[in-house]
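Both backbone and side-chain heavy atoms feed into the values below; hydrogens, waters and symmetry mates do not. Reminder, nothing fancy here: chain letters follow the sequence lines and each chain counts from 1.
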Amino acid sequence: MASTATSASTTNDPLEPIPLIEGAQTDESLNSSLLNHVWRLPGKGWWTLFGLALAGLGLLVVGITVTLWKGIGMWGNNIPVGWAFGIINFVWWIGIGHAGTLISAILLLLQQKWRTSINRFAEAMTLFAVICALLFPLIHTGRPWFAAYWLMPYPSVQGIWPQFKSPLVWDVFAVSTYFTISLLFWFLGLIPDLASLRDSSKKPMQKVIYGLFALGWRGSGRHWAEYKWAYLLLAGLSTPLVLSVHTIVSFDFAVSILPGWHTTVFPPYFVAGAVFSGFAMVVTWMVPARQFLGLKHVVTLKHLENMNKVILATGLMVSYGYAMEHFIAWYSGSQYEFAEFFEVRMRGPMAPVYWLMMFCNVVVPNIFWFKKARTNLLIMWVTALLVNVGMWCERFNIIATSLHRDFLPSKWELYAPTWVDWSIYLGTIGLFSTLFLLFLKFVPAVAVTEVKELRHELAHKAHGHAEEAHG
Amino acid sequence: MFWARTPYARASQTPVEQPLEFDHRHHTRDEGIDCRYCHNTVDKAPFASIPPTQLCLNCHSQVWNKSPLLEPVRQSFIENKPLVWNRVYKVPEFVYFNHSIHVGKGVGCVTCHGRVDQMAAVEKQTPLNMGWCLDCHRHPEKNLRPVSEVTNMTWHAEGDADETARVLAEKNDVHTRTSCTTCHR
Amino acid sequence: MSSHDQDPPQDHPEDHARSTIVGNGASSGSTRRISLPIVDEALAATEAASGAAREQRKYWRSIAEKEGSPKLAAAATREFPPGASELPPSDVSRRSFMKLFGGGAAAAGLAACHPPQEQAIPFVRRPEEVTPGNALHFATAYGVEGFGMGLIVESHEGRPTKIEGNPDHHDSLGATGRYEQALLQGLYDNDRAKQLKHKDQPLTWRSFLGQMAVLSARHAADGGAKLRFLTEPTASPLQLELRKRILEKFPKAKFTSYSSIAGDGAADGLKLAYGKYVEARHELTRASVIVSLDADFLGEGPESVRAQRQFAAGRQTGAPMNRLYVVEPALTVTGMSADHRLRLRAGDVAGFALALATELGRRPGFAQLAGIAGAGRGVTAGDPKWIGAVASDLIKHRGQSLLIAGRRQPAAVHAVVAAINAALDNVGTTVTYATPLLADPLAGPKALVPLAEEIASGQVDTLVITAYNPVYTAPVDLKFDKLLARVPTTVYSAAYEDETAAVASYVIPAAHVLESWGDARATDGTVSLVQPLIAPLWAGYTDVEILSAFLGEGDLGAYEVLRRSWAAKQSTVPGATAEFDQVWEKWVGDGVIVGTETAPEAALALDGAAIQQGLGALLSSAPKGGGIEIAFVPDYKVVDGRFANSAWLQELPDPVHKITWDNAALISPAMAKTLGVEVERDNDKFSVLVIEYKDRRVHAPALIAPGHADDAITLALGYGRTGAESVASGVGFNAGALRGSDAPWFDRGAQVSLATGMHLFGLTQNHWSMENREPAIATSLAEFENAHSEARELIEERRSELPVIHEPHDYSKEQYKWGMTIDLGKCTGCSACVVACQAENNIPTVGQEQVVRGREMQWIRVDRYYSGELEDPEVIVQPLMCQHCETAPCEYVCPVNATVHSDEGLNEMVYNRCVGTRYCSNNCPYKVRRFNFLDFTSETPAVRRLGMNPEVTVRSRGVMEKCTYCVQRIERKRIDVRVAGRLIEDGELKTACQQGCPAGAIEFGNLNDPKSRVTKSQADERRYDLLHELGTRPRTAYLARVRNLNPELAKG
Amino acid sequence: MSHEGGFEPRRFVIGQFAGPEAMLDATRKMRERGHKKLDTHTPYPVHGIEEALGLGRAKIPTIVLCGAITGACLAYALIYFMNVVDFPINVANRPIHSMPANIPIMFELSVLLGGTSSFFGLMALMKLPQPYHPVFEAESFWRASIDGFFLSIEVPKGQSPEAVAAELKSLSDVSIEIVEESER
């Protein structure tokens, strides 16, 4: 017996100019449509993408093997440029991850209805981005086989401990916490959906597997009562967490004395940048995904537009960050700071990256002032891509460019990445895509339960309106 | 981190077989030979030194000069081929341990090497890991003795041990040194 | 994880350092040296290592295991060199060898949680002077140009590990140059000639002697009419004696001294001036005005080390300072130290000399010079104002001034200079002349011509070559390789299987100086005995042994020959009255034979007239005409190629241009513009030039050299080697291919054009300017004496107390507070410290490709900055190593406590704790940290490992390293004095760079001792801290350089 | 249905409702009629369920709070012990004990422990994972996670399920099943 609740077409809702859920949906229809992509055998598109992703993953394996075998010297790093691609990509990925948490957690706290259809998606992205990010701090060290555990505070027979004044140790705690919490948060949200997968699966094998992951969830009211709290609290914790993580990442630089690193504006400006690039990444993936997975009716233009608004906002914050950096560099009166921003970056050998960054992060997002752009799939997709590029350039500027010319001109050196650098970078994109495609294949890409709940609420509202209408 | 603390992992407390049946008990206890007769660079060099074959023969050209047990020694001397012993104590390559300073400041042989005079085959008595080194480098007093007594296997402080320790530390001008470069260079 | 707790063996950085050592103290014969069979094994191991290495998982397996591999052991036994002991190749680790009584340990097999059983191998007979783990020091001597510099060699268990200067030696004064430091690499060089060969057939020494006996018998018949010897220029009494005896036996035989870098101008010029051959000796301590005419007396030559010390002595403010004028085409070490520098083409220097003479001649009391100048027939060069100023300055300091002409300059210049020095009453004070000590006064490329002609005309049957590699170094027009082919028998004493060895019929592996007995003279004649530190690694034979072969004494051995000759000469040595054995021990021990110095010639009369007429002829024959000038210089690193196989020197940045692993065609910026030379990749990549001269042409990459004379190219010799030397071959281009015997040093008329393509240099510094940051402060004396001058205020600002957030750590209670001072006024940038540091601290070399990537490893970086206009810049050099900041930025960012502070304020670097995040380097404002980006050590041949310093950990891949203030020396000294129950006294502890520094520009010591030199120097009014405004509180301080400018020439 | 051994199967009466409202309504009523062991099963949290089931205040928040506080304290204690008590080292002349440097890790650890405790605390409270539960025996129970709204009543010993079922039936029009815990 399907639920007989009235159709939840919410088009007549004045507050929702574009519907959050399109068409007349029932719990069941939602259920089938949203889980459909799990049951359906993957199509050509998925396989091609998956093939590409695996190829990328291959690159990663090659890159890492070479690095471990021959040493970090296979990368382009040198003295003075001790950090380059490794840390650039680390920061880039972490940044991307942040949007996920932000969407799922912060928007939840702010009770943004439009979040529901995309949060699962975003959280997954967070998780995978963090996995990619986690790779780098480890493999970029000279002796990973020690770095893997010497940064952990454990009682070794050497009787020596980590050095807790070092931002790198903070990183270890921040990033690992971030990963753990995001994982738990994501999984907690998944449990009810896993249950419905279990219950709607046809093949016994699937039943067993999903059943195991569903932990025997039976939608008990007593459970829901605690569950809602737990979920809310995790969200509550993730919100400051996500802010702290990128703040701490920014400490890696802000705590040092290097011109271009030693900057107090870094924490907020890194967080803004993170959200900026993160949302861009979500859009980059969401636009094609809703197409191929048939999620158009739950991930509507409204969602995309909202995200574009966030991109615009954070983009402006980032621009402000740049402005401040340059202002302080001049205002501080430090010749090293000044040279860093107005000579090295603007006119040095790495200047093209700087100007590309400026274009992508400062100029491009402004297109979202126009509703046409915000709601045009192609434009928003290209913009999002450019923003991703721009944010990568930003990290390159901060890290490599600052390093390659610092205090003493006698040790100024050029930096050029090697094929290993590139293959590892592309490799992580491959890893990310692989995980993502697997996720799309085996787990509901949209939080079914929450969408149903939303439908219910909307239906209620609609109902109410209807009654008023009849007087 | 627990494994590393087991004696096995440190290869200690297991007697080490030697190519030649050399018995420290006999030489030190019965014959009363001082450690420094054979390990004669211990007080002036980083290394206590395994005695060259020549040194064995100082005595054994007279005593037991026919003993089959000593055949390898004579062989070594005649063929100019070193005796190959199995090592008992070894610190990692990046640790620069110096016997002369420890002996010079009154750290007894027995403190690290144990009652060698009671060992048929010598075995490693102490963990030799950094934590263990640090213990003593932080509080050396408790392991001090008059420099004259360093080779004494049975020396014990008379009266108030802590007081003697303090006095000795004073007298031998012993410092606590825990700077990394004390041992790592 | 737990198993890693205790650093599983395969991850010890040091494993890569392991080299095999077993002592069995078989003291060889009469000598004190210890022949270690283990050494032979190391050699054997090396042969196989290359092969064995492949199959190793290099990135974590150790060389020790490598050598332990059965394959290798087999190889070792097979490859056993002659004279090796029967000891089975047992594989032993360098350090554990020390640890256990001159025994060693073999890391058996793989990483088990249970440590592997290792062996300990004692001596059989321990040589009485050997105390395992305590170094011994022996005196010996070595020199490149015929004179010997006294050396003290540190030896661990019979393996030389470090070379220092001999404080008692006239030319060393305790310091060394670049080459001496690098001798070790020459010794432990796997490329050395190892096998005595005749026409590529192995030969034993005995049968060689037999064949030589036959040969000399045949030559004796006609008095040796067709017997020729080609030797290095030498002042060695023993060599001279052998020469004499050979000539007695073969009256018609001839000896030729030859070195491609010897200049003949001085000898001829002085002969012209004084009527006979004399050698000039210079005393810079007494000179307050020095004028160098294309003479790089601080940078090269047997006198250079002493010259630097003496010159530096006159660079202290508060005392009368000396003033240095330099006239030269391309910047040199001397040029960089100049107060005033005039860039002139080498060919124009003669003009300058005459112009100066003319100018002086105009002044009252110098009429005699006018005449001489007159003979110059108006040949002149240089800015008259400049010349005028110099002239008056010279006259002002009459009697305490000095003119020095360079080796490249022709006789005319030297003659004029001699005349001027005489006119200025400098003779006897700043310059003295003595009867030549060298066997032949003329030994330059020209000296080769007569020999070449004789060979060409078939008058030579046997040619014995102990000179360095003539086939490569000889002027191309002689076609020496073809000539040698014509000589029936050529005997070549070969350090390497080089170009000459390829064509010689007898190739005799030369013993390295550290393997040889012999003697040498200092430039003042003092004799030093050369004693071996180690038995020849591969059967090597000394020149002495080869020459004595022609006296039928070849089997005597150098030791016996030397001892006999000195036993005979004992009476000639004043004060050596005791029993010869005692005297001998003393001589060998001291490294110098006191009383053997030769007095300068008194009452020499300058023959002005002779100069006058000689001059005309000389000048007419001097190079004229237009066109571009090409000039050749001995390289600062490989000299004439003889050090080309030393990776240390190849990778040492050229003192002036910071080139590694290359030579270049140095041209002025203006000339580069006219030629259209392109520069790419941030000053790393330059266009390649085609240089055509007569019928010769070479492709040479251009390098823009500020301060270079226009229309002139400077080319360094010694590169483009084609011999079988793995390091040397393929590095740079052979400038010698342009060099003719008629004009061996410089000539006009070269055609230069751009070739296609660019060349990527391994430059360690490609930024010339200080970007207005003034890390290295240079000022003029006038400015400095004005307390309110800009420079003075800058210095004050950089030594002022800075506000602090929390109180600085208090070190005053500590026994020691280590600190260093570097005097930029004294530092000439010669870079000896860099090599000394490399030798002391087991610093690896990385190769050009890595240098290009910016991964050079030398702990000391000698920065060179140009200021002023590019065409005629002022230059300042600044050695930069870890500053040991008290609030070190590197420390607080290290996540694992791998770099922290010691109780005495050292910035410690704990290699075995380092995980290689490189954060410390990023945060180091001086960028003095070095990172092992790749495995730079484990591939080092085992034989090379023998020379490594056992007191210093060899760093593994992925580990950060940096200057430690030679903490190993501090700790060893501390232990020694504490066992003795006293404190370290000032001066008894020196860092490697300080000890090596010829100029004495580096002071190191205890800042808690108010009387210590370093405390005093840090109180100097020139003292300032580098990047002081960052509040890093560096322990290393700098003393600003003060230029003693001539007011008449001072700009503005 | 005879059961050897001591095994006393729990018995449930399970009613499936058309929608959440009806279910809530029935739940309320049944509770008023004195039924204790009630539980509902819905695909998504239904508003007002706590009140309907008469549940007290949620316990999770307290657990999380404790977790978070422990985390912060633990971090501070750890760092203080390692860098101040056990092995104080002069690092770049910085104070051995500097509070500001500890803050990031204190924060992270409090979030970590807070977060984990909320998750595992929840699991403990829900007694999950628990693959089998008698209600799964119900024919149509699979809809509970899709679009079904169920009310389950565990029948106390001695009471007959049928009676309870009838009682429930009397409240609203529902399809009712009676299930018994199977012995496994």
### Query
Can we call the ring centroids of D:Phe136 and D:Phe141 under 6.0 Å apart?
yes
### Task
To the nearest 0.5 Å, tell me how far A:Lys165 NZ sits from D:Asn102 CG.
8.0 Å
### Task
Heavy-atom distances under 4.5 Å only: say whether D:Tyr80 touches chain A with side chain, backbone, both or neither.
neither
### Query
Most heavy-atom pairs under 4.5 angstrom with chain D, which of A:Ala225, A:Ala174, A:Ser200?
A:Ala174
### Message
Distance check, rounded to the nearest 0.5 Å: A:Leu183 atom CG versus D:Phe119 atom CZ?
### Response
8.0 Å
### Task
Check whether any side-chain heavy atom of A:Trp150 lies under 4.5 Å from a side-chain heavy atom of A:Ser156, and answer yes or no.
no
### Query
Just one of A:Ile248, A:Val242, A:Val249 clears the side-chain contact (heavy atoms from CB on, under 4.5 Å) bar with A:His246, so which one?
A:Val249
#### Entry: Option in A:Pro240, A:Gly236, A:Pro192, A:Gly211 with maximal non-hydrogen atom pairs under 4.5 Å from chain D
A:Pro240
### Task
Using non-hydrogen atoms and a 4.5 Å limit, figure out which bit of D:Ile103 sits close to chain A: side chain, backbone, both or neither.
neither
#### Entry: Most contacts with chain A, counted as non-hydrogen pairs under 4.5 angstrom, among D:Thr42, D:Leu151, D:Leu78, D:Ile49
D:Thr42
### Summary
So, the part of D:Glu50 with a heavy atom under 4.5 Å from chain A: the answer is side chain
### Query
Rounded to the nearest 0.5 Å, how far does CG of D:Leu53 lie from CE of D:Met30?
12.5 Å
### Message
Heavy-atom cut-off 4.5 Å, strictly under: side chain, backbone, both or neither for A:Leu184 against chain D?
### Response
both
### Query
Checking side-chain hydrogen bond (donor to acceptor under 3.5 Å, both in side chains) for the pair D:Ser152/D:Asp39: CA distance, chi angles, key distance, verdict?
CA-CA 5 Å; D:Ser152 72; D:Asp39 198 354; 5.1 Å; no
### Task
Anything under 30° is parallel, anything over 60° is perpendicular, the rest tilted; go ahead and classify D:Tyr44 against D:Phe149.
perpendicular
#### Entry: Top of A:Val245, A:Leu241, A:Val255 for chain D proximity - count of heavy-atom pairs under 4.5 angstrom
A:Leu241
#### Entry: Partner chain D: residue of A:Ser220, A:Ala230, A:Ser244 with the largest heavy-atom pair count (under 4.5 Å)
A:Ser220
### Message
Using a 4.5 angstrom heavy-atom cutoff, name the option from A:Tyr227, A:Trp229, A:Phe251, A:Tyr231 with the most pairs to chain D.
### Response
A:Trp229
### Message
Is A:Pro167 in contact with chain D via its backbone, its side chain, both, or neither, using a 4.5 Å heavy-atom distance?
### Response
neither
### Query
Quick one: what part of A:Ile191 sits under 4.5 Å from any heavy atom of chain D, side chain, backbone, both or neither?
side chain
### Message
Rounded to the nearest 0.5 Å, what separates atom OG1 in D:Thr70 from atom CG in D:Leu74?
### Response
8.0 Å
#### Entry: Interchain contact, A:Gln163 with chain D, by part (heavy-atom threshold 4.5 Å)
both
#### Entry: From D:Arg11 atom CZ to D:Lys157 atom NZ, the distance as rounded to the nearest 0.5 Å
8.5 Å
### Query
chain D contacts: which residues in residues 175-182 of chain A have a non-hydrogen atom closer than 4.5 Å to it?
A:Thr177, A:Thr180, A:Ile181
### Within-4.5 Å side-chain heavy-atom neighbours: D:Asp25 and D:Glu21
no
### Query
Are the aromatic ring centres of D:Tyr76 and D:His97 under 6.0 angstrom apart?
yes
### Query
Does some side-chain heavy atom of D:Val179 sit less than 4.5 Å from a side-chain heavy atom of D:Val135?
no
### Message
Would you say that D:Glu177 contacts D:Gln16 through its side chain, given a criterion of any heavy-atom pair below 4.5 Å between the two side chains?
### Response
no
### Query
Do the side chains of A:Glu226 and D:Leu55 get nearer than 4.5 Å, heavy atoms only?
no
### Message
Can you confirm whether or not the ring centre of D:His133 sits under 6.0 Å from the ring centre of D:Phe12?
### Response
yes
### Query
Contact part of A:Lys228 toward chain D, heavy-atom cut-off under 4.5 Å: side chain, backbone, both or neither?
side chain
### Contact residues of residues 105-117 of chain D (partner chain A; heavy-atom separation under 4.5 angstrom)
D:Ile105, D:Phe107, D:Glu108, D:Leu109, D:Val111, D:Leu112, D:Gly114, D:Gly115, D:Thr116
### Summary
Ranking A:Trp217, A:Phe185, A:Phe164 by heavy-atom pairs under 4.5 Å to chain D gives rank one to A:Phe164
### Query
So A:Trp161 and D:Phe81, would you call those rings parallel, tilted or perpendicular, with 30° and 60° as cut-offs?
perpendicular
